[in-house]
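Okay, so here's the structure we're looking at.
Sequential numbering from 1 along the given sequence is applied to the chain's residues. Bear in mind the structure is a predicted one, so any value in this text is a computation, not a measurement.
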Amino acid sequence: MNLHTSRWLITGGVVSALSASALGFSLVALAQSGEVERDYQIQLPDPPEGEVTFTPPAEAELGDSQYDDMVRRGRDLFINTQSLRGENVFNEQNCANCHLDAGRLAHSAPMWAAFGVYPAYRGKNDMVNTLSDRIQGCITYSMNGKAPEKGSDVLVALQTYLHWMATDAPNNTSMPGRSYPTLDDPEKEPDRKRGAEVYANQCAVCHGDNGEGQKVGERQVFPPLWGDGAYNWGAGMHRVNTAANFIHANMPLSKSYSLSEQQAWDVAAFVNSHERPQDPRRRTVDSLDETQELFHQHQGFYGKEVDGKRLGDHENFGEHPDGIDD
């Protein structure tokens, strides 16, 4: 299986902010005229190289104001997003699973570096996204959830937490440490069998032999990586390249960069070649083929045949009762 052939849909992979915005608005116009939106994997520009010099404020600095209370509320939701289970969250994930150290850790998509780069064009929905749009998308896909309404307590609290973490950070500037460091293409094609060995030796102790994660009592302490408790087929982490970038820089926990780049690619392929809740956008189109064509022309396994079964060929949306809530 060749995972490289559909890696980039636009030559070069990165467009300038101005041209990206123009493209985004033109694609939105097409969508509004009756065309179905497509999911293009156009990333924000890579963060600059160099030493990470920014340090977010410490929680000990929080005071007694209404703003500080909202920061604390957002922090609590970020760490324990499961508190929204059954209302906005319908799997076993927390924001802090992919944004480590409560969103503070450099090279783990830290929130202090994300705040200042939005609004930004995102190919995922063919439009310029605000920060609230971006958070809503994370909840829809990574949490297999129902996006909180703009202006709601949940969304305001999360935005306030991100705003506070970016105190004294420059606006409209991509800082070192933002996102996950982008890996070069691997020397060998990502291989599920090699990845299974890496997973068994390095990952299963936390995430379980069957990707089920790990609980202490009723509390999920390590997240599931596939199955109903995992991120769904629309989440960015199901893309093999995104997962490989995250894994190499951050996993195993507290052992950053201990895996080789090839091992990161291989284990990302293994993890993301397992079933998970259906892409909620599947509800808006007529077939798996159309869903794959519109939303999955990137480096992933959705719609591909693995072990004799076509992934995503099901109507299992996990615990989510509705689908996308725009």
Side-chain angles (χ1 to χ4, degrees), residues 24 28 44 54-105 108-122 124-125 127-175 178-179 220 223 231-232 234-237 280 319-326:
V28 168
L44 292 173
F54 182 81
T55 300
E59 292 184 12
E61 299 174 25
L62 288 170
D64 298 323
S65 72
Q66 184 177 1
Y67 174 81
D68 294 325
D69 288 342
M70 189 62 76
V71 171
R72 292 187 182 92
R73 166 73 170 147
R75 175 204 59 198
D76 292 345
L77 289 172
F78 196 90
I79 295 170
N80 182 26
T81 324
Q82 286 296 302
S83 63
L84 302 173
R85 185 69 175 266
E87 180 180 359
N88 299 108
V89 174
F90 293 94
N91 63 12
E92 300 283 355
Q93 308 291 310
N94 293 299
C95 296
N97 294 151
C98 295
H99 310 278
L100 301 182
D101 190 20
R104 302 173 69 90
L105 185 65
S108 182
M111 296 297 95
W112 47 263
F115 185 87
V117 298
Y118 284 93
Y121 170 75
R122 297 190 71 227
K124 190 181 184 83
N125 54 11
M127 62 185 290
V128 173
N129 283 205
T130 64
L131 184 63
S132 60
D133 293 328
R134 186 69 177 91
I135 296 171
Q136 287 178 313
C138 285
I139 292 175
T140 298
Y141 299 107
S142 296
M143 308 293 172
N144 196 36
K146 181 177 180 180
E149 295 182 2
K150 291 182 179 178
S152 65
D153 172 73
V154 168
L155 202 55
V156 168
L158 287 169
Q159 287 178 283
T160 305
Y161 178 55
L162 271 57
H163 177 268
W164 171 76
M165 276 208 289
T167 300
D168 295 329
N171 282 327
N172 302 315
T173 301
S174 182
M175 295 186 289
R178 183 184 65 78
S179 189
Q220 192 81 38
Y231 46 89
N232 67 37
M237 195 60 79
E319 295 182 15
H320 199 302
D322 300 319
I324 290 182
D325 195 33
D326 291 325

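- Going from atom NE2 of H320 over to atom OG1 of T140 covers 7.0 Å, rounded to the nearest 0.5 Å.
- The pair D153-R73 counts as a salt bridge, with a side-chain nitrogen and a carboxylate oxygen less than 4.0 angstrom apart.
- Atom CG of residue L131 and atom CD of residue Q136 lie 10.0 Å apart, to the nearest 0.5 angstrom.
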Would E319 and N144 count as a side-chain contact (heavy atoms from CB on, under 4.5 Å) here? Give the steps.
CA-CA 8 Å; E319 295 182 15; N144 196 36; 5.7 Å; no

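- Around atom CG of N171, more than 12 heavy atoms belonging to other residues, nucleotides or ligands sit under 6.0 Å away.
- Across all non-hydrogen atoms, the minimal contact from M165 to P56 is O-CB, 3.5 Å.
- P57 and E61 make their closest contact through CB-OE1, 3.6 Å (heavy atoms, listed as atom of the first residue, atom of the second, distance).
- Here the CG atom belonging to N94 is positioned 9.0 Å from the CD1 atom belonging to I79, to the nearest 0.5 angstrom.
- The closest donor-acceptor contact from the side chain of R122 to the backbone of V128 lies at 3.5 Å or more, if one exists at all.
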For a side-chain contact (heavy atoms from CB on, under 4.5 Å) check, start with the C-alpha distance between W164 and M70, then their side-chain angles and the critical distance, and finish with the verdict.
CA-CA 10 Å; W164 171 76; M70 189 62 76; over 6 Å; no

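- Nearest approach of Q82 to Q93, heavy atoms of both residues: NE2-O, 2.8 Å.
- Nearest heavy-atom pair, S174 versus R178, reported as atom, atom and distance to 0.1 Å: OG-NE, 2.9 Å.
- One finds the NE2 atom of H99 at 13.5 Å from the CH2 atom of W112 (value rounded to the nearest 0.5 Å).
- Interatomic distance, Y118 OH to L162 CG, rounded to the nearest 0.5 Å: 10.5 Å.
- For the atom pair Y161 OH and L77 CG, the distance stands at 11.0 Å (nearest 0.5 Å).
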